[in-house]
There are 2 protein chains.
Amino acid sequence: MARPKKKVEGERAAAILDAADALLAEVGYEGISARAVAERAGVNKALVFYYYGSVENLFERVLERYYTAHGELLARALEGFRRAPDDVPLAERLHGLIDVYLDFIEHNRLYARLVQQQVSGGGMHLHLVERHLRAFYDWTSSLLAEMAPATGRASARQLYLTFSAAVINYFTYAPLLGDDVWEGDALSAAALAERRAHVHWLVDTLLAALAAEKPDAR
Amino acid sequence: MARPKKKVEGERAAAILDAADALLAEVGYEGISARAVAERAGVNKALVFYYYGSVENLFERVLERYYTAHGELLARALEGFRRAPDDVPLAERLHGLIDVYLDFIEHNRLYARLVQQQVSGGGMHLHLVERHLRAFYDWTSSLLAEMAPATGRASARQLYLTFSAAVINYFTYAPLLGDDVWEGDALSAAALAERRAHVHWLVDTLLAALAAEKPDAR
DNA sequence: GATCGGTTTGACCACTCGGTTAAAGCCTGC
DNA sequence: GCAGGCTTTAACCGAGTGGTCAAACCGATC
C-alpha cells in the first residue's frame with residue numbers, strides 16, 4: 001500500500017483527460033488527435049495509449065464523465081423530492097429537474113454540443129448516449145405519467161422530448177441567430193434568464209392544459 | 001450551343017453529389033472522404049476535385065441543396081398565405097409552416113441530422129447554416145410578432161426556438177429512446193403522426209395561453 | 001548496490017487523407 | 001484526317017493519423 005508512489009497517483013492520466021476535454025470544447029470532435037491531446041497535456045503521445053488504450057476510449061471517458069455528473073445531479077434532485085414531506089407537487093418537481101438540467105448545461109457549456117454531436121453525428125459512442133438518455137427519460141416520464149397519458153398528442157413521451165429539446169437546443173441554436181436578436185450574447189446572464197423563464201412558462205402552460213383536458217382523457 | 005456534347009451534361013458531377021449525399025446519410029460527416037465518394041459514384045477520385053475543387057466545397061453543395069429546397073418550400077407556403085383571401089388566421093399560418101417543415105424532414109431524413117451536425121459540430125460551414133437559420137427565423141418570428149412580445153418569457157424569439165426544437169429534435173432523439181417506448185419504430189408512420197399531432201397541440205396551447213395573458217402584456 | 005516493476009520516451013510503422021499533375025481519351029468542328 | 005478542347009485516368013506527393021515497441025528512466029524493496 002505504498003501510497004506516495006510517484007508524484008500524484010494518476011496525475012498524468014488526469015492531465016490527458018482534461019486536455020482532451022479542453023480540445024473537444026475548442027476544436028470539436030475532429031480536432032481531438034492523440035498528438036494534439038498529448039501536446040496540450042504536456043505529455044508524450046504514447047502515454048495516451050498507455051493510459052487509455054485508444055483515442056476512442058479516451059473520448060468515451062470524457063463523455064462518460066459528463067454523463068455521470070449530470071446523472072448524479074438529477075438523481076440527487078429526485079432523492080430530495082422523495083425525502084421531502086411527501087407531497088411535493090408534480091409541477092414543482094418538474095421545475096426542479098429543469099433547473100438542475102439548465103444549471104448543469106450553463107456550467108458545462110461543452111456538454112450540449114457534445115451530446116448533440118454524438119446524437120446527430122452517427123458517432124460510434126451511441127450506446128453510451130442511449131443508455132443515459134434512456135435513464136433520463138425514465139426518470140422524467142415517470143413523473144409525467146402522473147398527469148399525461150402513455151400515448152397520444154399530449155403523452156408523457158412527447159412531452160419529455162419537447163421539454164428536453166427546449167432546454168438543450170437553445171444552447172446550440174440561439175447563438176447562431178445573431179447578436180442583434182438577443183441584444184448581445186445569447187449566452188449572457190440576461191438571455192439565459194429569459195430562456196429559463198420561458199421553459200418554466202412552457203411547463204406550466206402545458207401542465208395546465210393537460211389538467212384542463214384530463215377529464216375527457218384525450 | 002452543342003447540347004448533346006457528351007452523354008449527359010454533368011452526369012458525373014451529379015453522380016458525385018448524390019454519392020456524397022448518400023455517404024453522408026450512412027456514415028456521417030467523418031466518412032465523407034474523396035476516395036469513398038468517388039468509389040461510391042463509380043468515378044475516378046480526381047474527378048471530385050475537377051468538378052468541385054475540394055471536398056469541403058462538395059460538402060457545402062450538398063448542404064446548400066437541402067437548404068434551398070427547404071427554403072423554397074417555406075417561401076411558397078408564405079406566398080400562398082399572402083395570396084389568400086387576406087385573412088388566414090395566425091394559428092393556421094403557423095400550422096401550415098410546421099406541416100411544411102415536418103413534411104420536408106420526413107421526406108429528407110438526412111436533413112435533420114445534417115443540420116444538427118453542423119450546428120453542434122462546430123463545423124466549418126456555419127456561415128451557411130447561420131444564413132438559412134436566420135432566414136427561417138425572420139419568417140417565423142414575423143408571424144409570431146403579431147401575438148407575442150419581442151422580449152420576455154413568451155417572446156417571439158423564445159417561441160421560435162421552442163417550436164423548431166420540438167420539430168427537429170424529435171428526429172434525432174426519439175430513435176434513441178428504444179423501440180419499446182414507441183411500440184415499434186419512432187419513425188414509423190404512426191409515431192410520426194403522433195408527433196405531428198403533439199406539435200400542433202403545442203402550438204395551439206401556447207397561442208391560447210398567449211392570447212389569455214395578452215391584455216396585461218407580460 | 002543490485003534488482004524489479006510501473007512509467008516515460010522517441011523512433012518507427014502502415015495507412016489514409018486531400019490534393020496535384022501529366023498524359024491519355026474522346027468528341028466536335030473543320 | 002487532323003487539330004483543339006473538355007473530360008477522365010493512374011500515378012504520385014507530403015502531411016497527418018492511430019498505434020506499437022524496445023529501450024531508458026526512476027522510485028522502492030531487498
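Lettering follows sequence order; numbering is per chain, from 1.
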Heavy-atom side-chain proximity of L206(A) to F163(A) below 4.5 angstrom | yes
When you measure from the side chain of R113(A) to the backbone N and O of L110(A), does any donor-acceptor pair fall under 3.5 Å?
-> no
Name the closest nucleotide to the K45(B) side chain, picking from dG19(C), dG18(D), dC21(D).
-> dG19(C)
Do Y101(A) and H70(A) have their ring centres less than 6.0 Å from each other?
-> yes
Taking CZ from R12(B) and P from dG25(C), how many angstroms apart are they, rounded to a whole number?
-> 15 Å
Please give, in whole Å, the distance from dG18(D) C1' to Y29(A) OH?
-> 12 Å
Value in whole Å for how far the C1' atom of dT8(C) lies from CD of E11(A) = 13 Å
Interatomic distance, F49(A) CZ vs dC12(C) P [rounded to whole Å] = 18 Å
Tell me which nucleotide among dT7(C), dG18(D), dT8(D) gets nearest to the side chain of Y51(B).
-> dT8(D)
Across the strands shown, which category fits A34(B) at heavy-atom distances under 4.0 angstrom: base, sugar-phosphate, nothing?
-> sugar-phosphate
Closest to the Y50(A) side chain: dG6(C), dT20(D), dA10(D)?
-> dG6(C)
Let me know the distance between CD of E39(B) and C1' of dT16(C), rounded to the nearest Å.
-> 13 Å
Salt bridge between D21(B) and R61(B), side-chain N to carboxylate O under 4.0 Å?
-> no
Establish, with yes or no, whether the OP1 or OP2 oxygen of dC17(C) is under 4.0 angstrom from a side-chain nitrogen or oxygen of S33(B).
-> yes
Roughly how many Å is it from CD1 in I16(A) to P in dT7(C), rounded to a whole number?
-> 12 Å
Nearest whole angstrom, please: distance from the C1' of dA24(D) to the CG of L47(A).
-> 14 Å
Candidates dG19(D), dG18(C), dT9(C) - which lies nearest the side chain of R35(B) | dG18(C)
Sugar-phosphate, base or nothing in reach of L58(B), heavy atoms under 4.0 Å = nothing
Counting side-chain heavy atoms from CB outward, which of dC21(D), dG18(C), dG18(D) is closest to V55(A)?
-> dG18(D)
What integer distance in Å separates I32(B):CD1 from dG19(C):P?
-> 11 Å
Examine Y29(A) together with F59(A) and report whether their ring centres are nearer than 6.0 Å.
-> yes
